[in-house]
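For reference, the structure discussed in these notes is given below.
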Amino acid sequence: MTHRYIKELGSYIDQEVVLKGWLAQKRDSKGLLFATMRDGTGFVQVVIDENVVGNEIFEQAKKMGQESSFAISGIVKKDERQFGGVEVQAKSFCAYANAEDFPITPKEHGVDFLMDKRHLWLRSKRQWAIMRVRNTIIFSIHEFFQNKGFVQMDAPIFTGNACEGTSTLFETDFYGEPAYLSQSGQLYGEAMAMAQGLIYTFGPTFRAEKSKTRRHLSEFWMIEPEMAFYDLKMDMDLIEEFVQHVVGRVLEKHPLELSVLERNTEMLEKVKLPFIRMKYEEAVDIIKAEKAVNGKTSIQLLEEDLKALNDKMASLQSDIAEREAKIAGGTLTKGERNFTQSKIDQLKNEIKDLEEKAGNIPAWLESARNFKRGDDFGGSDETVLTRMFGQPVMVYNWPQEVKAFYMKEDETDKGYAKGVDLLAPEGYGEVVGGGERETDIERLKGKIIEHELPMEAFEWYLDLRKFGNVPHSGFGLGLERMVAWICGLQHIRETIPFPRSYGRLLP
RNA sequence: UCCUUCUUAGCUCAGCUGGUUAGAGCACAUGACUGUUAAUCAUGGGGUCCUUGGUUCGAGCCCAAGAGAGGGAGCCA
């Protein structure tokens with residue numbers, strides 16, 4: 001008999017298999033033990049019957065703590081009630097190592113606690129599902145670009161200059177000289193595109209901002225394609241094809257994982273070509289409620305959302321009151337009382353979250369009303385704009401001042417840069433940012449001076465314009481934001497195995 | 001950096017107007033139960049109430065400072 005993985009059990013119905021893995025959860029009653037085994041490829045319930053395996057082995061199995069490692073052989077049975085549709089009836093059992101007092105119990109835990117235990121948290125079903133989806137996203141990104149003949153390149157991590165001159169960078173000592181950890185590989189990508197035509201980078205990126213929000217990490221992974229002979233329009237066409245490809249692959253390969261994550265896939269099904277595209281000025285009209293979408297302005301929609309939140313909170317409150325009355329009634333069994341009590345705790349937490357959300361809306365309303373034309377979008381503006389459509393929105397032709405120095409000015413739309421941001425719906429914000437690059441060397445020099453960047457650090461970059469200058473474009477994708485959006489996660493920290501953020505260096 | 005909320009058992013939380021020996025559930029341990037899916041029953045162990053200082057006859061609760069965390073703003077992908 002050969003070792004099989006849980007994932008493949010569907011093709012071994014009524015056959016005997018060997019499984020090796022860890023104990024995710026167990027329940028026992030007299031002579032019968034239900035153990036949920038996980039082996040990395042999935043989760044399956046194993047039933048161990050004292051009459052089958054014998055008293056000694058049964059006792060041994062019963063003693064296993066959560067996350068003990070063990071192997072079994074047994075018959076695969078179809079059972080629609082089970083996660084994955086099968087269960088295994090054990091014929092023999094063999095322990096590898098017992099585990100005691102595993103800290104992550106089937107109870108709810110706080111984020112801080114779980115982050116301290118991240119090395120163990122990764123084993124839980126939800127984290128398992130996220131990491132599987134992350135893997136598919138990474139693979140499908142490579143697949144997309146490789147199929148189109150793009151060459152993957154690695155940009156340096158140590159750099160001598162702050163590329164866009166804006167963000168705070170991590171400073172290190174490079175043989176006595178200050179060096180910075182890369183915040184973007186894009187300028188190097190441009191150089192390589194002039195050598196290979198179509199390229200993409202896929203590497204780590206660092207930002208030293210002391211941000212504590214659900215959208216930020218200090219270390220994250222970025223994908224930056226760069227294409228010679230592409231203008232802004234071709235860039236946008238590529239972005240939407242690319243995003244649709246990645247989302248499509250996840251939908252295709254991970255229905256089970258998405259259901260573990262309770263992801264509403266309806267929103268993902270809407271990621272279809274062509275995406276909504278609009279110029280910055282039109283987006284501003286919508287944010288400022290000067291223009292309605294589907295008969296509603298942003299302000300009306302936000303006010304409706306606020307009301308809906310308040311209604312929801314009121315209904316949860318009455319739900320809690322009802323359950324509390326039940327407990328006070330005193331007719332419940334102990335089990336029912338516990339269940340009701342934990343339900344109440346859950347509802348209270350839900351209310352807390354809703355209160356936080358509702359608390360933000362007035363500020364967002366205010367910021368939408370007072371939005372200053374010409375400014376960059378804030379987090380709330382992005383949320384408001386995509387909220388109007390419920391699908392990804394591409395905003396292009398931004399005021400030059402808010403975009404990086406290398407963005408090309410639109411000849412027919414003076415003062416606007418040919419940049420584009422792809423905003424994901426449901427509050428996930430900017431997932432992709434890109435645009436057509438400035439080719440006029442004099443203008444580039446002017447911008448470098450304007451942005452007060454050290455000219456000598458950009459000499460090599462300016463060389464790219466001196467030798468066979470061509471129109472070219474590219475974009476950058478934040479991997480973790482993409483994972484958060486596709487998985488529908490509250491927090492970006494769950495999207496990467498070991499997140500690094502302000503105040504978090506371990507584990 | 002600013003605004004805001006929080007810190008009580010291994011975990012999630014309750015703790016009234018400042019008043020006797022600080023509670024619950026989960027988890028854990030022992031026992032009972034042959035089909036469980038966070039819902040069986042009984043018993044048991046488990047506390048630096050974040051830290052420091054102050055007010056008070058008396059502080060988990062009030063005041064001050066500090067540390068850590070959550071959410072938001074700014075900045076960004």
Side-chain angles (χ1 to χ4, degrees), chain A residues 24-36 43 45 47-51 63 65-66 79 81-83 87 89 100-117 164 166-168 183-184 186 205-218 220-224 327 332-346 348-349 352-353 355-357 359-364 366-367 376-380 382 402 404 421-424 428-434 475-482 484-485 490-493 502-504:
Chain A
Q25 230 179 93
K26 81 172 178 201
R27 285 169 283 278
D28 62 357
S29 60
K30 189 174 170 61
L32 208 51
L33 176 72
F34 301 96
T36 304
F43 292 76
Q45 172 163 283
V47 186
I48 300 173
D49 188 329
E50 188 170 7
N51 293 330
K63 284 217 165 61
Q66 195 186 343
D79 187 342
R81 290 169 306 173
Q82 302 302 334
F83 180 82
E87 74 170 17
Q89 288 170 353
E100 274 170 35
D101 298 325
F102 190 71
I104 302 170
T105 61
K107 171 84 186 164
E108 272 186 66
H109 299 282
V111 200
D112 194 36
F113 173 79
L114 289 168
M115 274 302 166
D116 282 338
K117 303 273 180 288
E164 297 173 24
T166 48
S167 320
T168 333
Q183 62 147 358
S184 161
Q186 118 123 60
T205 305
F206 309 87
R207 303 280 162 89
E209 289 142 4
K210 291 184 179 173
S211 291
K212 286 169 74 159
T213 83
R214 55 180 61 185
R215 287 198 297 278
H216 289 86
L217 288 169
S218 302
F220 61 98
W221 289 73
M222 193 147 72
I223 295 92
E224 294 176 289
I327 289 179
L332 301 181
T333 66
K334 190 173 170 226
E336 285 168 333
R337 202 173 62 225
N338 289 349
F339 181 75
T340 308
Q341 187 58 53
S342 80
K343 201 78 202 173
I344 289 173
D345 288 351
Q346 222 176 59
K348 277 187 183 169
N349 276 326
K352 259 187 210 165
D353 282 355
E355 267 171 359
E356 234 155 38
K357 264 190 203 159
N360 288 334
I361 290 184
W364 291 2
E366 201 55 24
S367 124
D376 203 355
F377 293 172
S380 70
E382 295 175 352
V402 304
D421 283 359
L422 176 74
L423 308 177
Y428 288 98
E430 190 182 339
V431 170
V432 173
F475 62 88
L477 165 86
L479 177 65
E480 284 73 19
R481 284 196 183 170
M482 186 88 169
W485 167 43
Q490 280 290 307
H491 215 293
I492 198 162
R493 281 170 225 175
Y502 181 55
R504 169 67 61 187

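Throughout, protein chains are lettered first and strands after them, A, B, ... in sequence-line order, and every chain is numbered starting at 1. Heavy atoms only: backbone and side chains are in, while hydrogens, waters and symmetry mates are out.
Within the 4.0 Å cut-off from OP1 or OP2 of B:G74, not a single side-chain nitrogen or oxygen of A:His216 is found. Note on A:Arg215: every side-chain N or O is 4.0 Å or more away from OP1 and OP2 of B:C75. Between A:Arg214 and B:G72 there is a side-chain N or O to OP1 or OP2 distance below 4.0 Å.
Of the possible donor and acceptor atoms, one in the side chain of A:Glu480 sits under 3.5 Å from a partner among the backbone N and O of A:Trp221. A:Gln45 places no side-chain N or O within donor-acceptor distance of the main-chain N or O of A:Phe34, the cut-off being under 3.5 Å. A:Gln186 places no side-chain N or O within donor-acceptor distance of the main-chain N or O of A:Gly434, the cut-off being under 3.5 Å. When atom types are taken as modelled, the side chain of A:Asp421 and the backbone of A:Leu423 share no donor-acceptor pair closer than 3.5 angstrom. Side-chain N or O atoms of A:Arg207 include one that pairs as donor or acceptor with a backbone N or O of A:Gln183 at under 3.5 Å. A:Arg481 places a side-chain N or O within 3.5 Å of a backbone atom of A:Glu430 that can act as its donor or acceptor partner.
One can place NE2 of A:His109 at 20 Å from P of B:A69, the figure rounded to the nearest angstrom. Atom pair A:Asn51:CG and B:G35:P shows a separation of 13 Å (rounding to whole Å applied). Put simply, CZ on A:Phe377 is 16 Å from C1' on B:C75, counting in whole angstrom units. With rounding to whole Å, A:Glu382 atom CD is found 9 Å from B:C76 atom C1'. Nucleotide B:C76 holds its C1' atom 12 Å from the CG atom of A:Leu217, rounded to whole Å. One can place CG of A:Asp116 at 9 Å from P of B:A69, the figure rounded to the nearest angstrom. To the nearest angstrom, P of B:C28 lies 14 Å from CD1 of A:Ile104. Per the geometry, CZ belonging to A:Phe113 stands 12 Å off P belonging to B:A9, to the nearest Å.
The environment of A:Tyr502 atom OH is sparse: at most 12 non-hydrogen atoms of other residues, nucleotides or ligands sit within 6.0 angstrom.
Comparing B:U4 with B:A39, their P atoms are spaced 42 Å from each other, to the whole Å. When the C1' atom is used for both B:U37 and B:G46, the distance is 29 Å, rounded to whole Å. B:G23 and B:U30 are spaced 24 Å apart, taking the C1' atom of each and rounding to whole Å. Rounded to whole Å, the separation between the P atoms of B:C13 and B:G53 comes to 29 Å. Taking the P atoms as reference points, B:C11 lies 34 Å from B:U55, given to the whole Å. Between the P atoms of B:G58 and B:G66, the separation comes to 27 Å (whole Å). Look at the C1' atom in both B:G47 and B:A24: the space between them is 14 Å, to the nearest Å. The same atom, C1', is picked in B:G15 and in B:U52; the two are 24 Å apart, to the nearest Å.
Applying the 3.5 Å distance criterion, the base of B:U37 shares no donor-acceptor pair with the side chain of A:Glu87. On a pure distance criterion of 3.5 Å, no polar donor-acceptor pair joins the side chain of A:Asp28 and the base of B:U36. Under 3.5 Å, the side chain of A:Glu50 and the base of B:U34 form no donor-acceptor pair of N or O atoms.
Contact annotation for A:Thr105: backbone-only contact, meaning every heavy-atom pair under 4.0 Å involves sugar-phosphate atoms and none involves a base. No engagement by A:Thr205 is indicated, since no non-hydrogen atom pair under 4.0 Å with the nucleic acid exists. A:Val111 comes within contact range of no nucleotide atom at all, as no heavy-atom separation falls under 4.0 Å. Across all strands shown, A:Gly65 has no heavy atoms under 4.0 Å from either base or sugar-phosphate atoms. Within 4.0 Å (heavy atoms only), A:Arg493 reaches sugar-phosphate atoms of the nucleic acid but no base atom. Among the protein residues, A:Gln45 comes within range of the nucleic acid bases, having at least one heavy atom under 4.0 Å from a base atom.
Under the Watson-Crick and G-U wobble criteria, each requiring two contacts below 3.5 Å, nucleotide B:A77 is left unpaired. The partner of B:U34, taking Watson-Crick or G-U wobble pairs whose two distances both stay under 3.5 Å, does not exist in any strand shown. Judged by Watson-Crick or G-U wobble contacts below 3.5 Å, the nucleotide B:G53 has B:C63 as its partner. Of the nucleotides present, none pairs with B:G45 by Watson-Crick or G-U wobble criteria with both distances under 3.5 Å. Using the Watson-Crick or G-U wobble rule with both distances under 3.5 Å, B:G25 pairs with B:C11. Summarising the base pairing, B:U20 is matched to no nucleotide, lacking a Watson-Crick or G-U wobble pair whose two defining distances lie under 3.5 Å. B:G68 is paired with B:C6 under the Watson-Crick or G-U wobble criterion, all donor-acceptor distances under 3.5 Å.
Along RNA chain B, the nucleotide nearest A:Pro103 and the nucleotide nearest A:Asp49 are compared for position; the residue whose nucleotide lies closer to the 5' end is A:Pro103. Both A:Gln89 and A:Asn360 lie near RNA chain B, and the one whose nearest nucleotide falls closer to the 5' end is A:Gln89.
The side-chain ring of A:Phe34 is not stacked on the base of B:G35, judged by centre separation under 5.5 angstrom and plane angle under 30 degrees.
Set against B:G35, B:G71, B:U37, the side chain of A:Val47 has B:G35 as its closest nucleotide. Of the candidates B:U37, B:A77, B:U34, the closest approach to any side-chain atom of A:Lys30 belongs to B:U34.
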Step by step, would you call A:Ile104 with A:Phe102 a side chain to side chain contact (heavy atoms under 4.5 Å, CB included)?
-> CA-CA 6 Å; A:Ile104 302 170; A:Phe102 190 71; 3.8 Å; yes

